[in-house]
Amino acid sequence: MASKNNSIADSYYLNDAFYDRLMALNESWKMEAPAISPITLEDKQACESLIFTEARLADDLRLEQWLDCYSDQCVYWIPSSYPVVDPRQEITLEFHDKRRLQDRVARIRTGVAYSMVPVIRTRHVLGNIEYRQGVDKEVRARASFIIDALFDGKHRILSGWIGYSLVSEQNEWKIAVKQINLIDADCLQENNTFFL
Amino acid sequence: MASDFDDLVQEGRVHRTVYTDEAIFSREQQKVFGETWVYLAHASEITEPNSFVARKMGLRSVIVTRDKEHKVHVLLNRCTHRGATVCREKKGDKTPFFTCPYHGWTFKNTGECAAIPHQDAYGEGFKKSSFNLKQIPYVSEYRGFILATLNPEKGKKGIKDHLRSAAGRIDEWIDHNGGDHKAIRISGAQQYTVHANWKCLYDNAGDGYHPEFSHQSLLQMTQQRYGAGMDLDYFAGGIDSTPMYSQDLGNGHTFLDQRPCMYEASAFDRQRPQPGREAIVEQLTKEVGEDKAREYFEMATGAGMNLNIFPNLLFIGNQLQVITPLSVGLSDMTWYSTSIDNVPAAVNTLRLRTQEDFTAFGEPDDTANFEACFKGMHEREIDWIDISRHLHTGVDKTDDNGIVTSVISSDIHMRAYYAEWKKLMQSNDESSLG
Ligand code: FES
Ligand SMILES: [Fe+2]
């Protein structure tokens with residue numbers, strides 16, 4: 001367990017400029033070529049590997065390593081509205097900075113998070129991934145997802161699409177933004193206390 | 001039926017079938033979710049003339065409309081022709097009329113039947129007005145909160161008579177949120193299903209006994225990462241010797257006051273850090289100066305009140321939780337978020353990030369326990385649900401207004417609402433739709 005995961009991240013970075021960036025990203029998901037430009041094969045391989053790794057680590061509950069997939073200046077965001085509304089205007093289902101992601105992991109690790117007892121098993125299936133060049137070295141990707149979640153012997157399917165903003169930090173690709181758009185974002189949700 | 005309820009709800013215990021029985025559930029739809037005041041919407045959701053929201057009043061699908069004269073109506077969302085759902089949107093504006101998609105019958109947002117295609121085929125004696133949308137006859141608003149009832153007696157006495165001293169507590173909640181109820185608006189919702197009878201959720205609304213145990217994951221994580229003196233840690237240990245208290249406010253309404261501990265010093269400083277906290281603190285302090293910023297920070301932190309308006313409206317922190325039964329074993333638990341007009345934008349950002357905290361760290365564990373209780377209630381060998389905590393310890397004090405105050409871990413909340421529940425379930429009032 002890397003010690004970095006236990007040290008508490010600060011949250012100066014999540015300012016209005018960051019929120020503006022989130023909303024610009026949200027707009028950019030709608031764009032088609034030629035407004036978007038392709039990325040290099042090398043970047044594509046690296047980013048695809050990050051996207052699959054992050055999903056697998058969440059499924060395998062290797063949550064400390066999972067946290068390492070994220071930049072220290074990240075946002076993990078599940079809107080509660082469809083279409084998406086600015087998270088400064090309306091409540092989300094979840095909106096976490098790095099620190100709150102660490103809190104979430106630490107809560108599960110106490111062993112007394114009863115919403116995860118017995119633990120919810122998940123398996124992500126990601127597909128239809130499209131990559132595009134972002135600002136500077138940023139890579140943006142969007143993917144469709146299906147998650148099978150098993151709790152107390154019962155299966156449940158979640159689906160939707162995810163928008164990623166990926167950045168290279170000291171030659172390692174990290175997730176700066178993961179925007180999880182459930183197809184039923186504005187409908188009744190079940191116990192989703194695992195990582196989507 | 002009346003004596004049955006005396007058997008089912010006894011002093012200090014409730015029979016499990018109160019939660020699991022279909023016939024009781026069905027009667028609740030009339031007696032509890034019909035014949036007492038039921039919360040439906042907040043005025044900020046339908047500010048404009050000709051706006052509406054679709055809601056549930058118990059199992060009834062209703063449309064809460066504001067007509068062009070600003071009057072609020074609660075219409076049954078059931079076409080008077082053959083039963084189709086007239087309005088299929090969750091909300092909308094600029095909607096003076098609703099047209100049923102099936103045969104095109106059209107209704108005004110006052111409920112009046114406005115047009116029936118090819119009406120002449122119904123013959124000469126036909127009266128369009130006998131096909132108006134049915135409506136809930138009594139609709140009332142208390143400082144932004146819109147409630148309705150089918151019950152003429154309660155309806156005529158009005159909402160203030162029903163709320164009694166709970167109204168004063170609503171005022172305190174509004175004061176925490178800036179004092180101007182017209183500036184408070186709903187800013188989205190988090191909606192969840194809970195696989196349990198609705199009362200399993202309601203039981204918890206005034207349960208000061210459970211946090212130390214149910215919310216261990218939150219308490220331990222917070223202690224580990226942020227040290228002592230944070231968030232709800234005043235619930236760990238001898239809670240009944242703290243100055244927190246719980247109250248029976250009458251008519252089934254109850255109150256649990258965390259403020260004596262939570263606001264003993266700065267509640268904002270106790271708060272687990274919200275996403276973007278540092279950025280917002282910096283920005284607001286620069287914008288409005290330290291003193292005013294401090295005021296906003298405390299306002300962004302939860303009100304420290306658990307105020308429960310029986311049967312379905314819970315004030316929790318700065319949020320409103322609304323409980324709606326979907327079936328005997330399935331409930332809708334919706335958390336409406338609130339924002340304030342006329343404050344700097346960053347205050348509302350901070351409020352939203354604060355309001356997302358408990359639904360991520362606390363409520364999931366609560367829900368898991370509600371569902372576990374409901375499962376246990378199906379065990380035939382044990383009949384009783386215990387609600388006797390502090391029934392015999394002599395700690396309760398009654399004041400001149402009839403408000404009973406107890407210690408924080410008391411089951412007074414359950415005893416108070418069950419007394420009202422029983423009264424409603426036993427009543428023979430006849431109510432009908434207007
Ligand atoms: S059912 Fe509505 S018009 Fe026929
Ligand atoms: Fe709780």
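Chain naming here is simple, since letters A, B, ... match the order of the sequence lines and numbering starts at 1 in each.
In terms of heavy-atom pairs under 4.5 angstrom with chain B, the leader among A:Ser115, A:Ala185, A:Cys187 is A:Ser115. No other option in B:Glu371, B:Gln274, B:Arg272, B:Arg351 has as many heavy-atom pairs under 4.5 Å with chain A as B:Gln274. Of the listed residues (A:Ser81, A:Ala9, A:Pro87), the greatest number of heavy-atom pairs within a distance under 4.5 Å of chain B belongs to A:Pro87. Interface remark: of the candidates A:Val112, A:Ile91, A:Thr110, A:Ile91 forms the most heavy-atom pairs closer than 4.5 Å to chain B. For chain B, the option among A:Asp186, A:Asp10, A:Asn191 with the highest count of heavy-atom pairs below 4.5 Å is A:Asp186. Annotation: maximal heavy-atom pairing with chain A below 4.5 Å, among B:Ala345, B:Ala360, B:Pro273, B:Ser339, occurs at B:Pro273. Ranked by non-hydrogen atom pairs under 4.5 Å with chain B, the options A:Tyr19, A:Phe151, A:Phe95 are led by A:Phe95.
Considering all non-hydrogen atoms of both residues, A:Arg100 and B:Arg353 come closest at NH2-O, 2.9 Å. Annotation for B:Phe213 and A:Tyr114: closest pair O-CE1, 3.7 Å, computed over non-hydrogen atoms. The two residues B:Pro275 and A:Ser11 make their nearest non-hydrogen contact at C-OG, 3.7 Å. Of all the heavy atoms in B:Gly276 and A:Asp97, the pair that sits closest is N-OD2, 3.7 Å. When every heavy atom of A:Gln89 is checked against every heavy atom of B:Arg185, the shortest pair comes out as O-NH1, 4.4 Å.
Heavy atoms closer than 4.5 Å to chain A are found in the side chain of B:His195, but not in its backbone. Neither the backbone nor the side chain of B:Glu363 comes within contact range of chain A, judged by heavy atoms closer than 4.5 Å. For B:Ala189, the part lying under 4.5 angstrom from a heavy atom of chain A is the backbone only. Proximity to chain A is limited to the backbone of B:Ser214, based on heavy atoms less than 4.5 angstrom apart. When heavy atoms are compared at a cutoff of 4.5 Å, B:Asp366 does not approach chain A at all. Residue contact with chain A, scored on non-hydrogen atoms closer than 4.5 Å, involves the side chain of B:Gln224 exclusively. There is no contact between B:Thr367 and chain A, counting heavy-atom distances below 4.5 Å. Proximity to chain A is limited to the side chain of B:Ala368, based on heavy atoms less than 4.5 angstrom apart.
Atom OG of B:Ser217 and atom CZ of A:Arg104 lie 10.5 Å apart (nearest 0.5 Å). In this structure, the separation between OG1 on B:Thr359 and CD on A:Gln189 is 11.5 Å, given to the nearest 0.5 Å. The structure places CZ of B:Arg277 at 11.0 Å from OH of A:Tyr12, a figure rounded to the nearest 0.5 Å. Interatomic distance, OH of B:Tyr226 versus CG of A:Asp103, reported as 3.0 Å (0.5 Å rounding). Within the model, atoms CG of A:Leu93 and CD of B:Gln191 stand 8.5 Å from one another, a figure rounded to the nearest 0.5 Å. In this structure, the separation between OG1 on B:Thr349 and CG on A:Asn15 is 11.0 Å, given to the nearest 0.5 Å.
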Quiz prompt | Worked verdict on A:Ser80 versus B:Gln190 for side chain to side chain donor-acceptor pair (under 3.5 Å) | solution = CA-CA 7 Å; A:Ser80 69; B:Gln190 299 169 308; over 6 Å; no
Exercise. Start with the C-alpha distance between A:Asp16 and B:Gln283, add both sets of side-chain angles, then the distance that settles side-chain contact (heavy atoms from CB on, under 4.5 Å), and finish with yes or no.
Key: CA-CA 10 Å; A:Asp16 267 326; B:Gln283 186 193 335; 3.6 Å; yes
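If you check the side chains of B:Ser187 and A:Glu90, you find no donor sitting under 3.5 Å from an acceptor. Between the side chains of B:Glu356 and A:Thr92, at least one donor-acceptor pair of N or O atoms lies under 3.5 Å.
Within a 6.0 Å sphere centred on OH of A:Tyr82, heavy atoms belonging to other residues, nucleotides or ligands number 12 at most. Counting heavy-atom neighbours within 6.0 Å of B:Lys375 NZ, excluding the residue itself, gives a total of 12 or less. Enclosure of atom CZ in A:Arg123 by more than 12 non-hydrogen atoms of other residues, nucleotides or ligands within 6.0 angstrom is indicated. The local environment of OH in A:Tyr13 is crowded, with over 12 non-hydrogen atoms from other residues, nucleotides or ligands closer than 6.0 Å. For B:Glu287, the CD atom is densely surrounded, since the number of other residues' heavy atoms within 6.0 Å is greater than 12.
Side-chain contact between B:Met221 and A:Arg109: absent, with no pair of heavy atoms (C-beta onward) separated by less than 4.5 Å. Side-chain contact between B:Arg225 and A:Ile8: present, with at least one pair of heavy atoms (C-beta onward) separated by less than 4.5 Å.
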Just list the side-chain donor-acceptor pairs under 3.5 Å for residues 319-326 of chain B, sequence neighbours left out, or say none.
{"unit_1": "B:Gln319", "atom_1": "NE2", "unit_2": "B:Gln355", "atom_2": "O", "d": "3.0"}

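Inspection of non-hydrogen atoms places no residue of residues 125-137 of chain A under 4.5 Å from chain B.
Under 4.0 Å is where a charged nitrogen must lie from a carboxylate oxygen, and between A:Arg107 and B:Asp365 at least one such pair does.
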